[in-house]
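Everything below concerns the one structure shown next.
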Amino acid sequence: MDESNKHGNPVRAAFQKLLHNKLATVCFVVLILEILLVALAPFIAPYGYEEQDPAHALAPGFWAQWTAVTDPEDSKYNARDQYVPGHILGTDQYGRDTLSRLLYGGRISLMVGFVSTAMGLVAGVICGLLAGYYKRLDNPIMRVMDLLFTFPGILLAMLIIAMLGVNTFNAMLAISIWSIPSFARMVRGKVLQVKEEDYIMATRSLGAQDSRIIFVHILKNCLPVIIVIATMRMATSIISISTLSYLGMGVTPPMPEWGGMIAIGKQYLWDRPSLIFIPGIAVMITVICFNILGDKLRDILDPSLRD
């Protein structure tokens, strides 16, 4: 019998243990709030990400302003004071609201992180399962993974984008290809260990098909490793898309993205340093939270991965 089933659902048990760690709980709550904020950006952002206010370009952050406005429907007087929402985090050189662009930019950054990690996960897990289970496929698959590992990750992504063209999908594809070797190598190592377990031998002796053994029994026992790597790769993917956008090879303007916002803000470092600090802090908090969660999940789900 599969040992993972003896003590119930291991993922649920790990989640319960995770919530008992104060630091991990804080990171988890921060990420959930961040995801909710960026998902609801069209409803909570005070302005559109492209909406310009040239009269208040490079404005510092403030909460609101009182201004005299004309009320054409009021015949008693021509003007009255009205409460007008301001730009909480200021504006960029075109008068675009920084808070709105931060929320919409977070949608892009997190979407690219999730999608590219998922794409790399699927391809890498399949390669790792096949390489670990079938000895004849091990050498050719892993040599291809070694070839991908010889390229520095960001340079490999830049090369792929240079060949395919600059757009968001190609950036996601490039980051996912960069992620494949990490998933494949770790899953292969786990498969080599799991496939020698007694219950796998017994299942094989009962005539179970290889596909069932691989994708039902072995994959189930690889889930802890996969979850740990995926969580940490999320942080890497977010840094990667931010780096690519900063270099002009990721998300194309006028779509906002945290790395692209930093690239724009560097031109106004001394006038409005907040244009760099605000998206930079968003990237930093997100990456730190994913890394801490991945580290805690590593300790909980797979003690063999501890340093």
Side-chain angles (χ1 to χ4, degrees), residues 4 9-12 14-15 18 27-28 31-32 35 107-134 137-138 140-142 144-149 151 153-154 156-157 160-161 164 168-195 211 213-244 250 286-287 289-302 304-305:
S4 65
N9 190 323
V11 176
R12 181 183 302 173
F15 182 75
L18 187 69
C27 292
F28 182 75
L31 288 175
I32 293 297
I35 292 171
R107 299 182 83 189
I108 301 296
S109 296
L110 291 178
M111 181 195 71
V112 172
F114 280 118
V115 174
S116 60
T117 299
M119 293 168 63
L121 183 151
V122 172
V125 167
I126 291 175
C127 290
L129 289 171
L130 296 177
Y133 191 80
Y134 295 108
L137 297 179
D138 188 15
I141 290 177
M142 296 314 297
V144 173
M145 298 301 108
D146 290 340
L147 179 63
L148 292 176
F149 264 126
F151 291 91
I154 194 65
L156 176 62
I160 295 171
I161 293 173
L164 299 179
T168 304
F169 177 79
N170 290 342
M172 288 190 295
L173 180 62
I175 296 171
S176 67
I177 293 175
W178 172 17
S179 303
I180 291 173
S182 299
F183 286 106
R185 179 170 290 184
M186 295 301 294
V187 171
R188 170 187 175 272
K190 188 66 176 179
V191 172
L192 290 175
Q193 174 187 345
V194 173
K195 76 175 185 178
S211 59
I213 295 174
I214 293 173
F215 293 105
V216 176
H217 300 285
I218 294 180
L219 180 59
K220 183 187 298 184
N221 286 275
C222 293
L223 282 179
V225 175
I226 294 171
I227 293 172
V228 170
I229 303 172
T231 305
M232 292 185 169
R233 287 304 302 181
M234 269 295 301
T236 304
S237 297
I238 291 173
I239 291 178
S240 299
I241 188 58
S242 297
T243 302
L244 291 172
T286 305
V287 170
C289 287
F290 274 115
N291 278 330
I292 291 176
L293 278 181
D295 186 63
K296 298 303 179 183
L297 285 171
R298 180 186 64 174
D299 294 340
I300 294 171
L301 289 172
D302 200 338
S304 65
L305 291 178

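The salt bridge (charged side-chain N to carboxylate O under 4.0 Å, His left out) contacts involving residues 177-187 comprise D146-R185, where partners must be two or more places apart or lie in separate chains.
Listed for the N221 side chain is a donor-acceptor partner under 3.5 Å among the backbone atoms of H217. Although no hydrogens or angles enter the test, the distance criterion places no donor-acceptor pair under 3.5 Å between the side chain of N170 and the main chain of I161. A donor-acceptor pair under 3.5 Å links the side-chain atoms of K195 to the main chain of G132, judged by distance alone.
Considering every non-hydrogen atom in both S179 and S237, the closest pair reads OG-OG, 4.4 Å. Closest non-hydrogen pair, I154 versus S240, comes out as CD1-O, 4.2 Å. Nearest heavy atom pair, residue A171 against residue L244, reads CB-CD1, 4.5 Å. Summarising the geometry of V187 relative to G128, their closest heavy-atom pair is CG1-C, 3.9 Å, with the distance given to 0.1 Å. Listed here is the closest heavy atom pair of I229 and M186: CD1-CB, 3.0 Å. Nearest heavy-atom pair across A184 and M145 is CB-SD, 3.7 Å.
Here the side chains of V112 and I108 are in contact, with some heavy-atom distance below 4.5 Å. Annotation: side chain of T168 is in contact with side chain of M111 (closest heavy-atom distance under 4.5 Å). At least one side-chain heavy atom of I213 sits less than 4.5 Å from a side-chain heavy atom of Y133. Between F114 and I35 there is a side-chain heavy-atom pair separated by less than 4.5 Å. Side-chain contact between F183 and T117: present, with at least one pair of heavy atoms (C-beta onward) separated by less than 4.5 Å. Between T286 and L110 there is a side-chain heavy-atom pair separated by less than 4.5 Å. At least one side-chain heavy atom of I226 sits less than 4.5 Å from a side-chain heavy atom of L219. Within the 4.5 Å cutoff, no side-chain heavy atoms of L148 are placed close to those of W178.
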Check the pair F149 / S182 against side chain to side chain contact (heavy atoms under 4.5 Å, CB included), numbers first and verdict last. CA-CA 9 Å; F149 264 126; S182 299; 4.2 Å; yes

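Take F28 and apply the ring pair (Phe, Tyr, Trp, His ring centres under 6.0 Å) test, not counting sequence neighbours, and it matches F15.
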